[in-house]
Structures are given as structure tokens and as C-alpha cells.
Amino acid sequence: MSNGKIPVIIDCDPGIDDAVALALAFGCGKLDVLGVTTVAGNTTGENTHRNARKFLSFIGADVEVARGADKPILRPLVTAPQVHGETGLGGLGEPGDEDPDASGRSAFDLITDTLLNHPEKVTLVPVGPLTNLAIALLAKPEIKRKIEKIVLMGGAALEGNRTPAAEFNIYVDPEAARIVFESGVPITMIGLDVTHKALIYPDEIEALRRFGRIGRTVAELMDFYGNHYRKRFEGNPIHDALAVAAVFEPDIVSTRHLSVCVETSAEFTLGRTVVDFRGVTGREPNCHVALGVDRERFIELIFNAVKYLEQMAQ
Ligand code: BDR
Ligand code: CA
């Protein structure tokens, strides 16, 4: 933490909650974001890369954005248009006159070069399918010694969302997730067990809407997202932003250190993160599984970040 900030790389598939995660990362003042990489997931690789560049430029973040995998390692891509819209950011995701690709590197090169060349260990924050990370770990296993930890959004100890058993990010590329969970690198899993408790409520979205241009846009993204989530919840989960919050404020979640395996070959439970609560497998714990969360503090962090970005844009 040479500049007092935590060095991170964010790997994402914007995606509405991914966009809020980026806003929190750049507005919290606690993270040194060394690069942003994108992966196909919520929408195509072309869309997630465009959305990341578009949203980062909108919030005034100056960072390299490198494009990664366009499909999972073994499987066809599964996307989530019902949650994020056809192009990934609700109405904001349409192709426009954004800048051409600013990065000359692939996501894999950005991840491996940055890790190997940065003087400190770096925290990785993947909030989409784990394809890019798995490829980087396989291509250059020596990066492991430079990873402080992986704080990922994905998985669930209890219920899934893409299927009854599996959370979306793990379901989309279960082989990649398995590679990451078996890598030996310390992992914190911010799964549905906590993101479904960290909801932003309608009155809080209205408050955000009054914060100016960035607050209004985040509120509009929440409006779109609410079309899906409000059928089931009183508010919206902002899954990916919670993973970012847990990097600079780890106490925002309570965790248990447990063994987690990823199911890659089952008919009904493909992509399940199997959490061994009772230690019946005898496997060594490989993951800090988040089970409790301070919701109010999380929303406060989002408000503060949006206000900060708004001030910086003035
Ligand atoms: C995860 O799936 C995606 O749709 C979201 O962006 C988040 O990363 C939640 O299951
Ligand atoms: Ca995501």
C-alpha cells in the first residue's frame, strides 16, 4: 500500500451491478485500480468491453480497460438480458460514439503483466464469470505469489439464482471457477448469501437520484434492474459492488473459512459452489465464505462514493 491505497485489478462483465461496483471502486478513495478487464457474461464480450469503457469515462475514471474472453472455457456463453438488458446496461448500453479500444493488451496480458511487475501484491476482484482469471492462472502460474487474495462475487452456500443450485457467474463458466477455487490462492467468496441481504431500497434509490448526474444515472440503472429484482425482493441486490466494498472494508461482511468445491459435471447442480459447513469432506478450507453483511454501511459507502465522483466531476 505504498500510496496508502490497496492495489487491485477489477475483472467485470458490465452489467448494471458491475457498473455500480466500478463507481464504488473509483469513488471510495481507498483503492488503487491498476486496470480493469472485461469478460463475456451478462452480455457479449464486445458489449461488456464497450460498457466498461463507456461507464468509466462517464464517471471520469482514467484507467486501462482490456478485453478478455468472449466465451467460457468449454461451454457456449449464457447471458442475462432479462436482468441487464440486451446490451448489458439497460438503456445506457446501446452502442454509441464511445472511444475506440484504448488498450493494446488483452485482459490476460494486463492481469499477468501487472501482477508480475507491480512492486506489491495485488488483490483481484472478479465480478463476472471467472474465465479470464482461470486462463491467466493456467498460462502463468507464477502470478500466484503476487496475488494478495481474490475477492470474488459469485457462488452461494444456499440458494442459487441462475438455477436453484447455482449462482450466475459460476454457472456460466464452472470449469473456470473450479480452476480458481483449486488454485491455492486465498479467496473471499461474496455470494448470494450476502448480496441478497444487502439490498438498496426504493427510498434510497430516490435519494441517489438527487445526487446529480452520476447519482441520477445510477438510480436509472437501478430502475431498470428493479424490473427484474422487485418481483422477488423489496429492493435491489447490487451484488458486485459488495465484493468491492469487502476489499477496502473487510468487516462489512462476516465470513467462515471453509472448503468450497465447484460442481462441473452434474445434471441438476452444475455450477454449484458446494460449501462444506460441517467439515465432512475432510478437505482443507480454501475460501472465506461471506455469510453476514452490514447492509446500512454498504449503502452509505455507495452514497459516499457517488457524492465523491460527483464532486470530482465539477
Ligand atoms: C452476478 O451475476 C450477474 O448477473 C451480476 O452482474 C453479478 O455479477 C449475480 O449473480
Ligand atoms: Ca457481474
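Just so you know, ligand 1 is whichever comes first in the structure, and atom 1 is the first atom listed for that ligand.
The closest side-chain heavy-atom distance from D13 to P129 is below 4.5 Å. No side-chain heavy atom of L152 sits under 4.5 Å from any side-chain heavy atom of L133. For the pair P14/F55, no side-chain contact is recorded, criterion being any heavy-atom separation below 4.5 Å from C-beta on. Within the 4.5 Å cutoff, side-chain heavy atoms of V125 are placed close to those of V244. Looking only at side-chain heavy atoms (C-beta outward), N169 and E167 come within less than 4.5 Å of each other.
Using modelled atom types and a 3.5 Å distance limit, the side chains of T131 and D173 yield a donor-acceptor pair.
Summary of contacts: the protein heavy atom closest to atom 8 (O) of ligand 1 is D240 OD1, 2.5 Å. Closest to atom 6 (O) of ligand 1, if we only count protein heavy atoms, is D17 OD1, 2.6 Å. Counting protein heavy atoms only, atom 4 (O) of ligand 1 is closest to N42 OD1, 2.6 Å. Regarding atom 2 (O) of ligand 1, its nearest protein heavy-atom neighbour is F168 CD2, 3.4 Å.
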How far apart are the C-alpha atoms of E220 and R209, what are their side-chain angles, what is the distance that settles it, and do they pass the salt bridge (charged side-chain N to carboxylate O under 4.0 Å, His left out) test? CA-CA 8 Å; E220 282 166 11; R209 207 182 303 279; 5.4 Å; no
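For V83, the heavy-atom gap to ligand 1 stays at 4.0 angstrom or more. The closest approach between R162 and ligand 1 stays at or above 4.0 Å for every heavy atom of the residue.
Checked by distance only, ligand 1 and A80 stay at 3.5 Å or farther apart across all their nitrogen or oxygen atoms. Residue D13 places no N or O, backbone or side chain, under 3.5 Å from any N or O of ligand 1.
Using the six-membered ring where Trp is involved, H239 and Y225 have ring planes that are perpendicular, over 60° apart on the 30 and 60° scheme.
Close approach of ligand 1 to E167 is summarised as follows: ligand atoms under 4.0 Å from at least one heavy atom of the residue are 1 (C), 2 (O), 9 (C), 10 (O). Those atoms of ligand 1 that come under 4.0 Å of a heavy atom in N161, given as number and element, are 9 (C), 10 (O).
The closest donor-acceptor contact from the side chain of K30 to the backbone of I6 lies at 3.5 Å or more, if one exists at all.
Counting heavy atoms closer than 4.0 Å to ligand 1, residue V127 contributes backbone atoms (N, CA, C, O) but none from C-beta onward.
With ring centers used as reference points, F211 lies under 6.0 Å from F303.
Of the listed residues (D17, I16, T217), just one forms a side chain to side chain contact (heavy atoms under 4.5 Å, CB included) with M222, and that residue is I16.
Taking a cut-off of 3.0 Å, the protein N, O or S atoms nearer than that to the Ca ion (ligand 2) are D13 OD1, D18 OD1, D18 OD2, V127 O, D240 OD2.
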